[in-house]
Amino acid sequence: MPKMRTSFQGLVRLLAKSLYPEPDVFIRELLQNAHDSIQLRRIHDPEPPGEIRIEVDESNRTLSFSDNGTGMDRRDIEEFLSVIGSTGTGSHTRELAARDVAVATIGQFGIGLLSAFVVAERIEVQTRKPMATQAWRWVNHGGEDYELDALPANSQPPGTRVTVTLAANQTAFLDGRLIHRIVRRYADFLPFPILLNGFGPINAVNAPWHEPDWRDPGERERSLSAFLSQRYADPPLLTIPIDLAQPRTLGGLFIPARYTPGGPAGGAVDLFQARMCIRANDTELLPEWARFVRGVLDCPDLQPTAARDNVMRDAAYHALREALGASIVAALLDLATRDRPRFLQLCDWHHDAIKGMAARHAEFGAAVLDHLPFETNQGLLTLPDYLSRQPATTEGKRSLYFFTHEADANQFYALCQARQLLAINAGRPFDETLLRRYASQSSDTVTLKPLDRLDDPTLYQGLDTAEQIAYVRLERALERALSEREIPVRARASRFQPTSLSVALLAGQRVAAFDEMERALEKSFLLEGLAELAGEVRERLRSQPLTLLLNVDHPLVQRLGELPDPDNPRYRPLLVGLYHGALLNAQHRLTPAAARRFHADLQALLLDHLDLWLGQEPPSPATGRR
Ligand SMILES: Nc1ncnc2c1ncn2[C@@H]1O[C@H](COP(=O)(O)OP(=O)(O)OP(=O)(O)O)[C@@H](O)[C@H]1O
């Protein structure tokens, strides 16, 4: 019966390519082999110091990796190097562990050498054990067959030299700068110097957590901060040293001084295992809420996948994720008490990220909510601070006054100041959600009081019937004057403090949306379809009226209320001016279009005013003109 056959060469290439989709990992794997062999030799021979050399030979299209590690004898070559899936490093390490000798090797699968076949057409290994009287040369062209020759001892110093002849389409790897970058990415913290063409070390060798003074808190903070600023372009606003016993993890996290909206979807870490990078920019390990955090971690207890480009989602992984979350929360809370200004700065710069995460993730929210700052008319306050300044009712309840439109802050602060109310500006994203969560968690002691409701008796007093009737004419005249300008407004006379405020402008959600639309339409590069859509939304928003509250205690409102015919066109600029004044007082609401209209109106009003004066003056004797 005919038999199925396999192509060894085809299988090896397929396996190598599917395991190692990034061809540059062969550099990582060969450096790791060199590292492991040095580690194994150093158990018996601390001298000479370990060293790895990379040499480029462009004319022969070769890259070679030399180490002064254990080297191999014929048995090692036949049992481990030449057998896919058989690991000498792994088995030596296990034997040593059984004798309680710890050695920090990385290799464990016996397949790393395969990765070189993704880029190589030939691999030559020259090797000698330190005391051996013979060296060996092994050559493979990516097939089942290999050549093995004995060489005189003086042809190879103790250790191993692996020479990779690159395939004709892989010569990019002869570029020194590329090699340098790959070494920094994967092997920056290998504990032995890596020299490139005789120069170096080109790796950092140690990270701050490998240095002897790592346990000194001051030194640790300083070195970690310098290291992280240099590694990432962002200087850290807060550094979080990580030194965990279970699962063993060393490293540093940080919250950058800049927040890039739309940056990585999750917090990102460069994940190392036993000093070798397995995953740069991993966005899965940190808890989902920790979007504002970055850093480097080395966790030897994580189990890498065979391709060494990810880690298993095992118990150690989940325990690490949880421990990192706890470390971040602890560092934030520590900063909140130790260095309040910096904590506030951090909450401001990362407002959306930190408050957003507190709103979305109950656990994180519960841990930090008491410490988050909220803007009030007496500066930034935490919710417990705010409540401690509020009087309690007889039932022990305290009111939490807030308004939800940041654009209204100027106006609301004036209203609240006049009534000596302490109010929270909950206008930034997530503020209102967090306030509501806080109040519902403390419903026995806290009552929420939204201030942007028209019928709020705390701020606005109703009028008696006679007063209401007296102001109806002015209310209607104001509405008509503004509707001529396509500004839909509902005017209502009321009484509020301070009396210096003639008009308060109240709006629903529509204000922010409307302003956005107005701004969008000002942009010349807005796509045609989008401009049409924005225009349509604006028109719909426009039809929802704002509410103008007229303060009957203000002299201007009183005088206008006394006019027998407020509809007379000559008063229109004054009525529109009232509206513009309120708009201006609410600061942010001045869109470019509103500013242009206001400017034109103000000029017309000033001109009228001048004419009025000139009309009262006697004519000039020279010109006969007034
Ligand atoms: N530079 C070297 N010095 C000494 N022995 C080596 C060297 N390179 C490879 N070997 C031997 O060849 C074996 C196979 O190497 P290979 O890179 O395929 O796998 P590994 O390093 O054991 O495991 P992994 O697949 O996890 O990297 C090693 O376990 C080791 O015994």
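Whatever order the structure lists them in is the order used to number ligands and atoms, beginning at 1.
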Q: From atom 14 (C) of ligand 1, work out which of Ser66, Ser86, Gly159, Ser82 has a heavy atom at the shortest distance.
A: Ser86
Q | Option whose closest heavy atom lies nearest to atom 16 (P) of ligand 1, chosen from Gly112, Ala307, Gly71 | A | Gly112
Under a plain distance cut-off of 3.5 Å, with no hydrogens placed, do [Y] and [X] share a side-chain donor-acceptor pair?
X      : Y      : value
Asn33  : Glu29  : no
Ser64  : Thr163 : no
Asn169 : Thr171 : no

Among all the protein's non-hydrogen atoms, which is closest to [atom], and how far away is it?
atom                    : answer
atom 6 (C) of ligand 1  : Met72 CE, 3.5 Å
atom 22 (O) of ligand 1 : Thr87 OG1, 2.7 Å
atom 26 (O) of ligand 1 : Arg308 NH2, 2.6 Å
atom 1 (N) of ligand 1  : Asp67 OD2, 3.0 Å
atom 9 (C) of ligand 1  : Asn33 ND2, 3.6 Å
atom 28 (C) of ligand 1 : Thr89 OG1, 3.5 Å
atom 27 (O) of ligand 1 : Gln32 OE1, 3.0 Å

Q: Please determine if Arg313 forms a cation-pi arrangement with Tyr317, meaning its NZ or CZ atom is less than 6.0 Å from the six-membered ring centre and no more than 45° off the ring axis.
A: yes
Quick test of your reading of the model: are [X] and [Y] salt-bridged, counting only N-O distances below 4.0 Å?
X      : Y     : value
Glu95  : Arg99 : no
Arg185 : Asp24 : yes
Lys129 : Asp76 : yes

Which atoms of ligand 1 sit under 4.0 Å from any heavy atom of [X]?
X      : result
Glu29  : 27 (O)
Gly88  : 28 (C), 29 (O), 31 (O)
Gln108 : 23 (O), 24 (P), 26 (O)
Ser37  : 3 (N), 4 (C)
Leu113 : 16 (P), 17 (O), 18 (O)
Phe109 : 23 (O), 24 (P), 25 (O), 26 (O)
Leu81  : 9 (C), 12 (O)

Geometry only, no angles: is [X] polar-contacting ligand 1 at N/O separations under 3.5 Å?
X      : value
Phe80  : no
Ile111 : yes
Val162 : no

Of all the heavy-atom pairs spanning [X] and [Y], show the shortest one and how long it is.
X      : Y      : answer
Met357 : Glu288 : SD-O, 3.8 Å
Glu47  : Pro49  : OE1-CD, 3.3 Å
Ile242 : Trp214 : O-CZ2, 3.7 Å

Q) How about Trp209 and Phe189: are their ring centroids closer than 6.0 Å? A) yes
Q: Have a look at Ser327 and tell me which of Leu332, Asp243, Leu253, Leu244 forms a side chain to side chain contact (heavy atoms under 4.5 Å, CB included) with it.
A: Leu244
Q | More than 12 heavy atoms of other groups within 6.0 Å of Glu363 CD | A | no
For [X] and ligand 1, answer yes if some heavy atom of the residue is under 4.0 Å from a ligand atom, otherwise no.
X      : result
Gly110 : yes
His92  : no
Asp76  : no

